[in-house]
Amino acid sequence: MTLKTRLVLFDLDHTLIPFDSDYEWGEFTITLGWRDGVEFTRLNTGFFEKYKAGTLDLHEYVRFATQAIREQGATNSIAARAGFMRAVVQKGITKQALELVRSHQRAGDEVVIVTATNEFVTRPIADAFGVKELIAVELERDAQGQLTGEIKGTPSFREGKVVRVTQWLADRGLDWNSVETWFYSDSMNDLPLLEKATCPVATNPDDRLRALAKERGWRILDLF
C-alpha cells in the first residue's frame with residue numbers, strides 16, 4: 001500500500017504566534033505616525049472582536065487594514081514591515097512553535113501556513129518559520145501595480161481556507177484523498193478546515209474550540 005503524503009497545515013495568528021499579526025501591524029503603524037492612535041485602535045479593536053465572534057466582513061477589514069500601506073507606498077511600507085518584524089514578530093516566535101514546525105519538516109511532511117491575514121504582513125513571518133508555502137489573503141493590484149484595498153480571488157478565511165487548500169492541492173496534481181492532512185488552529189473560524197482535516201489539532205484554542213475539541217476527541221495542544 002502506498003503511503004499518503006502528509007500535509008501539515010498551520011494557522012498563524014494565536015496558533016504559531018501568540019498574537020494577531022494583522023492587529024499588531026496596525027498598532028505598529030500608529031507608532032510610525034501613520035494613523036491617529038485613538039481612532040485607529042478603536043476601529044482595529046472592533047474588527048478584532050468581530051473576528052473572534054465570527055461576524056467579521058473580511059473585505060471591509062482588508063480595506064481598513066491596508067489603507068496605511070496604500071497611502072505610504074511600497075518603499076516605505078516594506079521598510080516599516082522590516083521594523084515590525086524586528087520589534088514585534090521575532091519576539092513572539094517561541095522555541096516551542098518553531099520546534100513544532102521543524103519537527104514536521106524533519107519528518108518529511110509538506111508544511112503550509114494557511115492564514116486569513118494578508119500576504120503583505122505574513123510572508124516574512126512564514127519565512128521566519130522557514131515555511132516556503134503560504135496560503136494567505138491575496139491583495140488585488142491595479143494596472144500600475146498599486147494595491148487597491150480589495151481582495152484578489154477567494155480569501156483564505158473560514159470556508160475559504162478549504163477552497164484555497166483544495167486549489168493548492170489541485171495545482172500539484174493532488175486532492176484530499178491523496179494526502180493525510182493535519183491542521184493546527186486556535187479558532188472556531190477555522191472549523192470548516194478542522195473538520196476537513198484527517199487530524200485536527202486545537203492549538204491554544206479559544207474557549208469554544210476547546211470545548212468542541214474535548215467533545216469530539218480532537219487533540220488539544222497548548223504551545224503558549
Side-chain angles (χ1 to χ4, degrees), residues 1-17 20-22 51 56 58-59 61-63 65-66 69 74 78 81 85 89 97-98 100-201 203:
M1 187 173 99
T2 304
L3 291 176
K4 290 185 177 182
T5 298
R6 189 154 70 169
L7 176 65
V8 179
L9 308 170
F10 287 99
D11 176 49
L12 180 62
D13 301 322
H14 296 287
T15 298
L16 285 179
I17 53 177
D20 184 284
S21 56
D22 221 356
Y51 170 79
L56 178 67
L58 191 66
H59 293 271
Y61 176 67
V62 167
R63 286 190 286 270
T66 61
I69 60 177
I78 290 170
R81 184 180 62 181
M85 287 294 298
V89 177
L98 198 56
L100 176 61
V101 171
R102 289 177 176 172
S103 67
H104 280 292
Q105 292 172 326
R106 287 196 299 267
D109 301 335
E110 182 70 62
V111 175
V112 183
I113 290 176
V114 188
T115 175
T117 298
N118 72 71
E119 58 187 335
F120 176 83
V121 171
T122 57
R123 179 67 267 177
I125 304 176
D127 290 342
F129 275 95
V131 176
K132 177 183 177 183
E133 297 296 332
L134 171 68
I135 298 174
V137 169
E138 297 181 358
L139 300 174
E140 181 184 80
R141 296 176 182 273
D142 63 21
Q144 288 72 46
Q146 303 301 312
L147 296 178
T148 66
E150 301 303 318
I151 294 170
K152 177 183 175 182
T154 301
S156 44
F157 179 55
R158 304 188 72 167
E159 295 84 357
K161 285 195 175 184
V162 177
V163 173
R164 293 287 303 281
V165 174
T166 301
Q167 293 172 341
W168 186 92
L169 287 167
D171 289 344
R172 289 153 182 79
L174 300 169
D175 59 27
W176 290 96
N177 292 324
S178 59
V179 293
E180 176 189 317
T181 313
W182 291 48
F183 180 41
Y184 293 83
S185 175
D186 71 292
S187 175
M188 283 291 285
N189 281 297
D190 285 337
L191 186 58
L193 188 50
L194 284 163
E195 291 181 328
K196 188 74 173 175
T198 313
C199 302
V201 183
T203 310

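- With hydrogens and angles ignored, the 3.5 Å screen pairs a side-chain donor or acceptor of Asp20 with a backbone N or O of Asp22.
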Check: side chain to side chain contact (heavy atoms under 4.5 Å, CB included) between Phe183 and Asp11: does it pass, once the steps are laid out?
Finding: CA-CA 8 Å; Phe183 180 41; Asp11 176 49; 4.2 Å; yes
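- Distance CG/Leu194 to OG1/Thr203: 8.5 Å, rounded to 0.5 Å.
- Of the inter-residue distances, the one linking Glu119 atom CD with Ile151 atom CD1 reads 11.0 Å to the nearest 0.5 angstrom.
- Taking the six-membered ring for Trp and thresholds of 30 and 60 degrees, Tyr184 and Phe10 have nearly parallel ring planes, at less than 30 degrees apart.
- A distance of 5.5 Å separates CD of Glu180 from OG1 of Thr198, quoted to the nearest 0.5 Å.
- Side-chain atoms of Gln105 and Val131, non-hydrogen and from C-beta on, do get closer than 4.5 Å to each other.
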Note to self: Apply side chain to side chain contact (heavy atoms under 4.5 Å, CB included) to residues Glu195 and Leu191 and explain how you reach the verdict.
What the structure shows: CA-CA 6 Å; Glu195 291 181 328; Leu191 186 58; 3.7 Å; yes
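- Under the 4.5 Å side-chain criterion, counting only non-hydrogen atoms from C-beta, Phe120 is in contact with Ile78.
- Around CZ of Arg123, the count of heavy atoms belonging to other residues, nucleotides or ligands within 6.0 Å exceeds 12.
- Not one N or O on the side chain of Asp142 forms a donor-acceptor pair closer than 3.5 Å with the backbone of Thr148.
- With contacts defined as side-chain heavy-atom distances shorter than 4.5 Å, the pair Leu98/Phe129 qualifies.
- The closest donor-acceptor contact from the side chain of Arg164 to the backbone of Ala136 lies under 3.5 Å.
- At distances below 3.5 Å, not a single donor-acceptor pair connects side-chain atoms of Asp190 with backbone N or O atoms of Leu193.
- In this structure, Thr122 and Leu134 have side chains that are in contact, with non-hydrogen atoms separated by less than 4.5 Å.
- Under a 3.5 Å cut-off, the side chain of Lys4 and the backbone N or O of Thr181 do not form any donor-acceptor pair.
- The distance from the CD atom of Glu150 to the OG1 atom of Thr66 is 8.0 Å, given to the nearest 0.5 Å.
- In this structure a side-chain-to-backbone donor-acceptor pair under 3.5 Å is missing from Gln167 to Thr154.
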Checklist line | Worked check of side chain to side chain contact (heavy atoms under 4.5 Å, CB included) between Met85 and Ile125 | finding: CA-CA 8 Å; Met85 287 294 298; Ile125 304 176; 3.7 Å; yes
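- Ser178 OG to Leu169 CG: the interatomic distance, rounded to the nearest 0.5 Å, is 6.5 Å.
- A distance-only check finds a donor-acceptor pair linking the side chain of Lys161 to the backbone of Val114 [under 3.5 Å].
- At least one donor-acceptor pair under 3.5 Å links the side chain of Thr15 to the backbone N or O of Asp186.
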Notebook entry, point to check: After noting the C-alpha distance and the side-chain angles of Arg6 and Glu110, does the key distance pass the salt bridge (charged side-chain N to carboxylate O under 4.0 Å, His left out) rule?
Noted result: CA-CA 6 Å; Arg6 189 154 70 169; Glu110 182 70 62; over 6 Å; no
Note to self: Could you walk me through whether Arg172 and Glu133 satisfy the salt bridge (charged side-chain N to carboxylate O under 4.0 Å, His left out) test, starting with their C-alpha distance in whole Å, then the side-chain angles of each, then the deciding distance to 0.1 Å, before giving a yes or no?
What the structure shows: CA-CA 12 Å; Arg172 289 153 182 79; Glu133 297 296 332; 3.2 Å; yes
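- Atom CG of Leu139 and atom CD1 of Ile69 lie 6.0 Å apart (nearest 0.5 Å).
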